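See structure below.
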Amino acid sequence: MSQITLTFPDGNQRHYAAGITPAEVASDISTSLGKKAVSASVNGAHWDVQWPITNDSSIAINTLKDSEPALELIRHDLAHIMARAVQEIWPDVKVTIGPVIENGWYYDFDRTEPFTPEDLGLIEKKMKDIINLRDPVRTEVWSREDAIAHYEENNEPYKVELIEAIPGDEPLRMYWHGDWQDLCRGPHLQHTGQVPADAFKLMSVAGAYWRGDSNRAMLQRIYGVAFLNKEDLRAYLNMLEEAAKRDHRKLGREMNLFHMQPEAPGQVFWHPNGWKIFTTLQDYMRRQQTRGGYVEVNTPQVLDRKLWEASGHWEKYQENMFIVEVDEEHAREKAVNALKPMNCPCHVQIFNQGLKSYRDLPLRMAEFGSCARYEPSGALHGIMRVRGFVQDDAHIFCRPDQIEAETKRFIDFLSNVYKDLGFASFSVKFSDRPETRAGSDDVWDRAEEALKKATISAGCDFTLNPGEGAFYGPKLEFVLTDAIGRDWQCGTLQVDFVLPERLEANFIAEDGDKHRPVMLHRACLGSFERFIGILIEEHAGKLPFWLAPRQVVVAAIVTDANDYVLEVVEALKSAGVRAEADLRNEKINYKVREHSVGKVPVILACGMREVEENSVTVRKLGEKETYSRSLAEITTELSTEATPPDLR
RNA sequence: GCCGCAGUAGCUCAGUGGUAGAGCGCACCCUUGGUAAGGGUGAGGUCGGGAGUUCAAUCCUCCCCUGCGGCACCA
């Protein structure tokens with residue numbers, strides 16, 4: 001048998017017979033390493049301890065201390081252990097797939113009865129039993145025929161389908177622990193006992209379509225999370241609790257920002273506090289757009305279906321549009337209208353008024369457009385995913401050769417806005433042509449090329465989202481990451497060669513002939529509703545001072561200070577600060593607590609001392625210390641803070 | 001839209017096949033208190049909507065609506 005040379009991370013080399021496994025290598029180094037080994041890295045690949053090594057290789061033995069490969073293995077093995085537990089409890093349940101995901105894993109099952117929360121407890125207990133068995137994990141390579149025959153015999157149709165979808169030349173690997181077996185590409189741990197039994201938790205059960213296809217069977221998915229140790233698990237569960245505290249639906253109620261009700265599902269009733277955030281943000285965006293060379297317009301919300309047929313929306317998105325039928329007296333037929341789901345066809349109508357010259361381009365047309373989309377009921381989520389919303393929308397009509405410069409200009413615009421709003425960085429996703437699309441390949445080539453070049457020249461890296469473009473053109477998506485690491489897609493820029501064609505937009509070029517403009521659809525915040533939801537969660541309700549709906553509460557400590565409190569409020573209001581008085585018959589403790597819970601950034605307390613000194617005692621949200629300021633000082637200070645970042 | 005779970009006072013939530021409960025909030029009174037809940041009294045409910053079973057339904061069954069967790073969708 002031939003000899004191979006294995007090189008270790010420290011540069012040491014050892015020689016073994018070809019076919020040696022990492023488990024044997026580890027045991028050869030030391031008995032304890034042999035026991036602790038969970039997997040190996042062989043030439044950079046994640047390698048099962050049982051897989052033979054046949055060539056000279058670099059090798060590193062992984063233990064539970066190597067957190068990245070170890071977590072992957074633990075989560076992966078838990079998926080199998082959970083499937084085994086489920087089948088041991090309910091032998092007629094059919095297994096499907098169970099991948100590792102962020103923080104854990106899931107496994108999809110086909111079972112007639114729903115899993116209940118109590119079932120999760122049962123499964124979890126059974127899983128711990130399996131871990132305690134310390135069952136060795138065995139693996140074998142099988143032929144497709146044998147594997148298919150095996151699963152047909154065992155009445156596991158999903159596995160048969162999976163195998164049939166695997167390309168013919170890939171070897172099929174089977175894994176066992178105990179008598180339980182699963183198809184899996186590995187790698188896995190040495191035995192089930194290597195899984196920390198106290199660092200995982202089954203989280204929830206939810207429906208999921210087989211192979212992600214809504215036309216196919218609905219399976220039951222059980223989600224679990226797993227970590228290297230109990231402490232990490234606890235920290236994760238803690239983090240979830242913290243995230244729940246930031247939920248914009250909860251804070252929206254506590255801060256009295258908005259509400260929603262069954263008569264208008266997916267639509268927001270903005271209360272005075274919430275609407276203050278909305279209009280402050282809108283005023284800010286309007287200033288930015290004016291500076292950015294946009295003109296602002298406003299267009300109708302109910303439009304005849306003929307326009308939507310012409311734009312192509314009727315054909316493609318009719319099911320997601322609010323249709324409005326009107327029976328006019330004496331009308332021969334019903335007028336069928338739709339609420340606008342987007343502003344672009346309307347903007348083309350404005351563009352089409354009068355002849356446009358090449359000198360008019362690029363024409364940047366902005367609208368805070370109220371749109372309505374009949375989103376599927378299951379998609380609705382607070383104010384983040386709604387049926388009625390306002391976009392900070394704009395369409396840039398330009399020549400094809402201006403796409404690149406306009407794209408770069410928009411990316412600069414957007415970077416500046418995000419920075420002002422407290423998001424220092426964002427990532428960019430580039431979505432190219434989808435399978436069903438309008439327009440020729442040549443046009444798509446040019447559009448994709450221009451977008452890419454502009455993104456690069458704006459200094460942005462991007463990740464590719466293959467096939468995810470809109471049907472009319474490629475798009476860029478701008479993704480913000482919030483304070484607890486969640487991603488939110490907000491901005492977008494989409495190139496559109498199709499709509500100007502369909503709605504017959506044109507301009508007179510230098511050559512005196514009519515030419516088609518290109519449209520760039522772009523939004524920076526996306527929708528105000530969604531963006532405000534993101535802001536609330538990002539800041540856990542403690543909005544930056546200039547955006548806070550209630551900026552200052554001036555609280556009287558004793559009734560005799562009431563007149564002075566009103567005087568302070570007036571001074572602040574005159575200085576452009578949103579201030580209100582709290583003269584209620586309550587103790588200062590009570591007032592401080594209530595306004596802190598309400599996320600008011602600044603509380604100014606006034607008792608007789610302040611009246612005499614013409615001062616206030618300042619308490620800022622989240623700070624325990626208070627300090628004294630003269631009325632003049634605090635007015636100047638807060639007035640500056642209340643100024644939006646672009647006006648400072 | 002699909003799967004599962006839920007809906008009781010403004011909010012958070014107990015509860016029972018036969019008169020509906022708490023805390024907070026709200027109103028009024030007492031209290032003038034110095035930085036995260038001072039005390040008392042009181043009002044407040046078609047128990048999401050509809051049908052059925054039952055002598056009797058907030059409770060059991062079915063349908064619908066809305067919400068929540070996922071899946072699918074997101075021009």
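A note on names: the letters A, B, ... follow the listed sequences, proteins ahead of strands, and every chain is numbered from 1. Here the structure is a predicted model, which is why all the values come from computation and not from measurement.
You won't find any donor-acceptor pair under 3.5 Å spanning the side chain of A/Arg216 and the base of B/C2, going by distance alone.
Listed nucleotides: B/C2, B/U35, B/G33. Nearest to the side chain of A/Lys587: B/G33. In this structure, the nucleotide among B/A75, B/A36, B/C71 sitting nearest to the side chain of A/Arg593 is B/A36. Of the candidates B/A75, B/C26, B/G70, the closest approach to any side-chain atom of A/Lys475 belongs to B/A75. Of the candidates B/A36, B/G67, B/C73, B/G67 carries the atom nearest the A/Leu380 side chain, counting heavy atoms from C-beta on. In this structure, the nucleotide among B/U35, B/C68, B/G38 sitting nearest to the side chain of A/Arg619 is B/U35.
A salt bridge links A/Glu161 with A/Arg216; the closest basic N to acidic carboxylate O contact falls under 4.0 Å. A/Asp247 and A/Arg249 are joined by a salt bridge, as a carboxylate oxygen and a charged side-chain nitrogen come within less than 4.0 angstrom of each other. The pair A/Lys201-A/Glu124 fails the salt-bridge criterion, with no side-chain N (NZ, NE, NH1 or NH2) lying under 4.0 Å from an Asp/Glu carboxylate O.
Within 4.0 Å (heavy atoms only), A/Thr617 reaches at least one base atom of the nucleic acid.
When each of A/Asp108, A/Thr96, A/Asp110 is checked for a side chain to side chain donor-acceptor pair (under 3.5 Å) with A/Tyr158, only A/Asp110 meets the rule.
With C1' as the reference atom, B/A22 and B/C62 are 33 Å apart, rounded to whole Å.
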